[in-house]
Novice: 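Below you will find the structure I want to go over with you.
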Amino acid sequence: MNEQFSIQGKVAVITGAGGVLGGNIARSFIEQGAKVVAIDIRQEQLDKRVEELKAMGGEAIGLIGNVLDVENLQKVADMIVEKWGRIDILINVAGGNLPGATLTPEQTVFDMKVEDWKKVTDLNLNGTVYPSLAFGKVMARQKKGAIINISSMAAYSAITRVPGYSVAKTGIISFTQWMAMEMAMKFGEGIRVNAIAPGFFIGDQNRAVLINPDGSLTERSKKVLAKTPMGRFGDITELNGAVQFLCSDAASFITGVVLPIDGGFSSFSGV
């Protein structure tokens with residue numbers, strides 16, 4: 001085993017752990033020997049996730065947490081430190097688009113509901129900023145830690161129908177770079193902040209726009225695959241290696257980067 005890439009024994013906080021992406025990363029981290037703190041605002045999903053992680057033989061706890069409530073998150077951070085003494089890793093997964101913030105093909109930006117814009121930008125931007133403040137403060141005291149944020153292909157160029165989500169995920173890139181600079185310059189080189197930018201993966205939130213009821217590809221899917229050199233959608237497990245790498249000592253001189261995991265989508269002009 002190459003210890004350089006190891007996260008064994010690390011205390012990893014994963015927000016949105018009750019969801020598909022957060023659950024996937026949580027399972028991967030348990031397999032690699034990390035201690036997982038699953039955070040979600042939904043009790044039922046959280047209980048199911050923790051039960052699943054413990055059944056794998058790993059150390060896991062579940063804590064209800066609201067990523068838009070800094071005071072709540074600070075209390076959660078205190079609970080984690082009381083139990084395990086430290087926080088080594090924070091993965092800000094909580095987020096996602098909202099149906100009301102997705103325009104139909106017939107709508108224009110002027111049909112967008114401002115309230116839905118506020119909700120989706122708040123969740124996807126501040127839902128990463130606030131946990132970074134609460135859990136990052138513990139890392140600042142330790143002088144060591146790794147934060148991973150989730151951006152998107154929607155941040156690289158304009159993708160139709162998802163204006164709020166796109167703007168928020170673009171903000172994640174700027175915040176990642178800023179927080180990386182802030183933590184390294186004021187709290188030492190042991191704290192790193194990076195992000196991944198997933199390409200197109202079929203999940204619960206986007207299935208309806210990518211797959212027709214009969215299982216065939218939608219026109220949107222065909223356009224996505226035409227601009228993806230690998231010619232396929234990603235499997236969600238293909239995110240795990242990159243996340244682990246960025247959290248490990250193998251990435252000790254990497255901070256402030258946004259790593260696309262996209263089958264070449266972001267680098268291909270489509271021509």
Novice: Just so I know, are the side chains of Phe29 and Val243 near enough to count as touching, which here means a heavy-atom distance under 4.5 Å?
Specialist: yes
Novice: In sequence, state the C-alpha distance, the side-chain angles, and the governing distance for Gln32 and Ser6, and then conclude on side-chain contact (heavy atoms from CB on, under 4.5 Å).
Specialist: CA-CA 7 Å; Gln32 297 301 319; Ser6 176; over 6 Å; no
Novice: With hydrophobic residues grouped by side-chain heavy-atom distances under 4.5 Å, do Leu123 and Leu46 end up in a single group?
Specialist: no
Novice: Could you tell me whether the side chain of Val193 reaches within less than 4.5 Å of the side chain of Phe175, counting heavy atoms only?
Specialist: no
Novice: For Met181, look at atom CE and say whether over 12 heavy atoms of other residues, nucleotides or ligands are found less than 6.0 Å away.
Specialist: yes
Novice: A side-chain contact here means heavy atoms from C-beta on lying under 4.5 Å apart; do Met139 and Ile87 qualify?
Specialist: yes
Novice: Okay, side chain of Gln107, backbone of Thr104: is any donor-acceptor separation there less than 3.5 Å?
Specialist: yes
Novice: Do Ser152 and Tyr165 come within less than 4.5 Å of each other through their side chains, counting heavy atoms only?
Specialist: yes
Novice: Check this for me: does any side-chain nitrogen of one of Glu44 and Lys48 sit under 4.0 Å from a carboxylate oxygen of the other?
Specialist: yes
Novice: Picking from Ile14, Asn124, Val67, Thr15, what satisfies side-chain contact (heavy atoms from CB on, under 4.5 Å) with Asn92?
Specialist: Thr15
Novice: Tell me if a side-chain donor or acceptor on Ser132 pairs with a main-chain N or O of Thr128 at a distance below 3.5 Å.
Specialist: yes
Novice: Main chain of Lys10, side chain of Asp88: is a donor-acceptor contact present, judged purely on distance under 3.5 Å?
Specialist: no
Novice: For the hydrophobic clusters of this structure (ILVMFWY residues joined by side-chain heavy atoms under 4.5 Å, transitively), does one cluster hold both Ile196 and Ile202?
Specialist: no
Novice: For a quick check under 3.5 Å, do Arg27 and Thr237 share a side-chain donor-acceptor pair by atom type?
Specialist: no
Novice: Side chains of Asp78 and Gln74: is there a donor and an acceptor less than 3.5 Å apart?
Specialist: no
Novice: Is there a path of hydrophobic side-chain contacts, each under 4.5 Å between heavy atoms of I, L, V, M, F, W or Y residues, that connects Ile89 with Val50?
Specialist: no
Novice: Counting only heavy atoms not in Met79, do more than 12 sit closer than 6.0 Å to its CE atom?
Specialist: no
Novice: Hydrophobic clustering (ILVMFWY, side-chain heavy atoms < 4.5 Å, transitive) - are Val70 and Val76 grouped together?
Specialist: yes
Novice: Side chains of Leu210 and Phe233, heavy atoms from C-beta outward: is any pair under 4.5 Å?
Specialist: yes
Novice: Mind running side-chain contact (heavy atoms from CB on, under 4.5 Å) on Ile91 and Val13 for me, showing each step along the way?
Specialist: CA-CA 6 Å; Ile91 306 177; Val13 177; over 6 Å; no
Novice: Step by step, work out the side-chain contact (heavy atoms from CB on, under 4.5 Å) result for Ile80 and Leu63.
Specialist: CA-CA 9 Å; Ile80 297 167; Leu63 298 173; 3.8 Å; yes
Novice: So Arg232 and Glu238, salt bridge (charged side-chain N to carboxylate O under 4.0 Å, His left out) or not? Walk me through it.
Specialist: CA-CA 13 Å; Arg232 65 175 176 86; Glu238 292 178 297; 2.8 Å; yes
Novice: Picking from Ile41, Leu73, Val129, Asp122, what satisfies side-chain contact (heavy atoms from CB on, under 4.5 Å) with Leu68?
Specialist: Asp122
Novice: Check the surroundings of atom CD in Glu189: do more than 12 heavy atoms from other residues, nucleotides or ligands lie under 6.0 Å from it?
Specialist: no
Novice: Any side-chain heavy atom of Lys118 sitting closer than 4.5 Å to one from Val114?
Specialist: yes
Novice: Check the pair Ile172, Leu125 against side-chain contact (heavy atoms from CB on, under 4.5 Å), reporting the backbone distance first and the verdict last.
Specialist: CA-CA 6 Å; Ile172 290 294; Leu125 182 54; 4.1 Å; yes
Novice: Does this structure show an ion pair linking Arg49 with Asp47, if we count only N-O contacts that are shorter than 4.0 Å?
Specialist: no
Novice: Does any non-hydrogen side-chain atom of Leu239 lie less than 4.5 Å from one of Pro198?
Specialist: yes
Novice: Counting N and O atoms only, with roles assigned by atom type, does the side chain of Asn212 sit under 3.5 Å from a partner on the main chain of Gly215, one being a donor and the other an acceptor?
Specialist: no
Novice: Under 3.5 Å, is there a donor-acceptor pair between the Asn149 and Asn194 side chains?
Specialist: no
Novice: Is it true that the side chains of Asn97 and Thr102 contain a donor and an acceptor less than 3.5 Å apart?
Specialist: yes
Novice: Hey, are the side chains of Met112 and Leu103 touching, using non-hydrogen atoms and a 4.5 Å cut-off?
Specialist: yes
Novice: Measure from the side-chain N and O atoms of Thr228 to the backbone N and O of Gly231, and report whether any donor-acceptor pair falls under 3.5 Å.
Specialist: no
Novice: Judged by atom type as modelled, is there a donor-acceptor pair below 3.5 Å linking the side chain of Lys227 to the main-chain atoms of Phe265?
Specialist: yes
Novice: Using the rule that Ile, Leu, Val, Met, Phe, Trp and Tyr join whenever any side-chain heavy atoms are under 4.5 Å apart, tell me whether Met179 and Tyr130 fall into a single cluster.
Specialist: yes
